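What follows is one structure encoded as structure tokens, with my remarks underneath.
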Amino acid sequence: MPFDLLGDRQRTHTCGELRKSHAGARVFLAGWVARRRDLGNLIFIDLRDHTGITQVVCRPEMSATAHARAEEVRPEYVLGVEGEVVLRAPETVNRQLATGEVEVVAHTILLLNEAKTPPFPIEDDSKTAEETRLRYRYLDLRRSRMQHHLRLRHRAAWVARQHLSAHGFVEIETPFLTRSTPEGARDYLVPSRLHPGHFYALPQSPQLFKQILMISGFDRYFQIVRCFRDEDFRADRQAEFTQVDIEMAFPQREVLFDIIERLMEQLFALIGAPIARPFQRLPYHEAMEKYGSDKPHLGFGLEWKRVSLPPEAQFKIQVADPIKALRVPGWSEAPRSQLDKLQEVAKSAGADWFGYARVLAGQLESPLSKVLGDEAVGALTSAAEAAPGDLVLLLGLKTASSGPAFGLPVHLARHLDEASGEVRLEVARRLNLIRPGTWNFAWVVDFPMFEFNQKEGRYQPMHHPFTSPREEDLDRLESDTAGVRARAYDLVLNGSEIGGGSIRIHRPDIQHRIFKIIGLTEEKARERFGFFLDALEYGAPPHGGIALGWDRIIALMCGETNIREVIAFPKTASGVDLMCDAPSAVEPEQLEELGLEIRRQ
RNA sequence: GGGGACGUAGUUCAGCUGGUUAGAACGCAUGCCUGUCACGCAUGAGGUCGCGGGUUCGAGUCCCGUCGUCCCCGCCA
């Protein structure tokens, strides 16, 4: 079938643009065929571009050639349509279409390209296996939902650049081909042709570069930058992901927080969501106790309390002290099946002791009463501040030791907290307390500086080894390592960590003490970070910053739970790009040139 | 590395305790149709049931293995 040439014709309007006021205008539209309705001598074509759909009418008495063309047309063919905008008769107006009051009577139809039948319809509500969508990503992206997501992402980036520029931040690019600095995630490695046996690493983040830019006097830096981590993927984790990386010299935490909060305000204005500032500041320990998470969802109440069991009760049920109690308002009638499910959640999350009490008017109903007695159970429900009509959930860890003193070691206390967090979310889901369209921001602050790695028998930084301890904790670095708090903070939104950062170490002496505590020898430190340690010696200013998880933020703004929905060309959970089939084998010559040999498994 | 779910027509799915020729809807093709907008009507094409092996007279269905996709745990300073 012969194609038509576009020539020097230009679109006069987009497909979502025409209104009543355009009636009588001669227009030239171009787009894809969304649908064709062929009534014989009368043919309607829905012409689509990213702005919308316009109905094109073809009749032989207006243009026999245009009508003949329209008969050949199939979905996703690319057309140019020259014609006249006419008002639709009142009874044929389509209210569902923004352009539904008019239509374009075709004088000429240019067939610019044909198209194979797509493997799935180019519509928003078509549910198609993600595998197929990813294989034909170019068609998937043609759908208006994906168009919306990526265009919103663009506008968000634009807002971020404007906002940060306005606050004096300078966008500077840092290398993608850099050196491997292990500790933390696995690196993606890139072999060097000019230096056989040597490798670049793709950056897990521009952490060291941005600190060096502070040392260089760039004061305030930012970058919307790709980061790479060779770890297993999740719904909210990809091999390559995007951060808004921010760093400032002479930082005051609150100044940084304010800049970020205002950025969030402007970003969420893009979706018409008002944001309340300032955000709540939540100390890590409080977050863990109340919400059982360092990224709590604060959109509903449900706060756990650590409560003590009477010593004789500890003895009877062999549960470590303290346990945790959660008041669930108004759920005293919770069905047994729901409670069983919660118990399952608790156990699979690692809390092996689960109990509950229904607080009724003037009495308690609890399977624990038989073992502990009404009085002890009553003490627990009142510690949970439960009122009649409430349900109290109890969570604990069983202990093997006997006797009255069942203290809970720190790492086990964290297990219990994390289990309580799982149970809390499950309760919220079951009671339908999680409301979409509400935005609960919080800063989680005062993280511990270190956590003890049981397997390796050493402390490791909870954030990263360049995070500064709180100034008042400096003296206790070595003596009370576990108790030292970091000047680190996370930005949390609706139960997602959407950013994290810290005030950094700017003094070489403190940096060396930290390396020592985490078991990094002087030689290893020099080998990995020598260039950075050198830089610290030349007048590093106090500095700090944050990195925002851009994909997650955009996903939340788009109402998506999966960041693949806001990334143009994402990979599957096994790191495969289904469209271009990466990773792939390479030519033996390429390996030869790089001095690499593949060992067959 | 571990756990769970899924894999049948181009797409989304159904297919019972194993039984003759594997179905539906949408899509696609052809024809008819001058006011449709999920157009309608008629006719038709389209399947190595992910792959390999096993059990059985007989496997889409049962068993073992394998591959792929999704979710979760581990991991992600």
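Residue numbering restarts at 1 for every chain, and letters A, B, ... go by the order of the sequence lines. Being a predicted model, the structure only gives us computed values, none of them experimental.
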Could you please spell out the steps behind the ring-ring contact (aromatic ring centres under 6.0 Å, His included) verdict for A:His13 and A:His22?
CA-CA 10 Å; A:His13 299 80; A:His22 294 93; 5.0 Å; yes

Chi angles and distances behind the side-chain contact (heavy atoms from CB on, under 4.5 Å) call for A:Asn453, A:Tyr459
CA-CA 6 Å; A:Asn453 186 324; A:Tyr459 283 101; over 6 Å; no

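Of the two residues near RNA chain B, A:Lys571 and A:Arg234, the one whose nearest nucleotide lies more 5' is A:Lys571. Residues A:Lys127 and A:Asp46 both approach RNA chain B. Their nearest nucleotides, taken by heavy-atom distance, put A:Lys127 toward the 5′ side.
For A:Arg237 against B:C75, a side-chain N or O and a base N or O form a donor-acceptor pair under 3.5 Å.
Within residues 86-93 of chain A, the residues approaching RNA chain B are A:Arg88, A:Thr92, by heavy-atom distance under 4.0 Å.
Between A:Tyr136 and A:Tyr138, the two ring planes are perpendicular [angle over 60°; tilted spans 30° to 60°].
Comparing B:U11, B:A29, B:C39 by their nearest atom to the side chain of A:Arg74 picks out B:A29. The listed nucleotides are B:C75, B:U34, B:U12; the one nearest the side chain of A:Glu61 is B:U34.
Using a 4.0 Å cut-off, no side-chain N or O of A:Thr117 falls inside it from OP1 or OP2 of B:G27.
Residue-nucleotide stacking is not present for A:Phe120 and B:U11, judged by a side-chain ring centre under 5.5 Å from the six-membered base ring centre and planes under 30° apart.
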Mark up nucleotides 47-52 of chain B, 5' to 3', with B wherever a protein heavy atom is under 4.0 angstrom from a base atom, S wherever such an atom reaches only the sugar-phosphate, and - elsewhere.
------

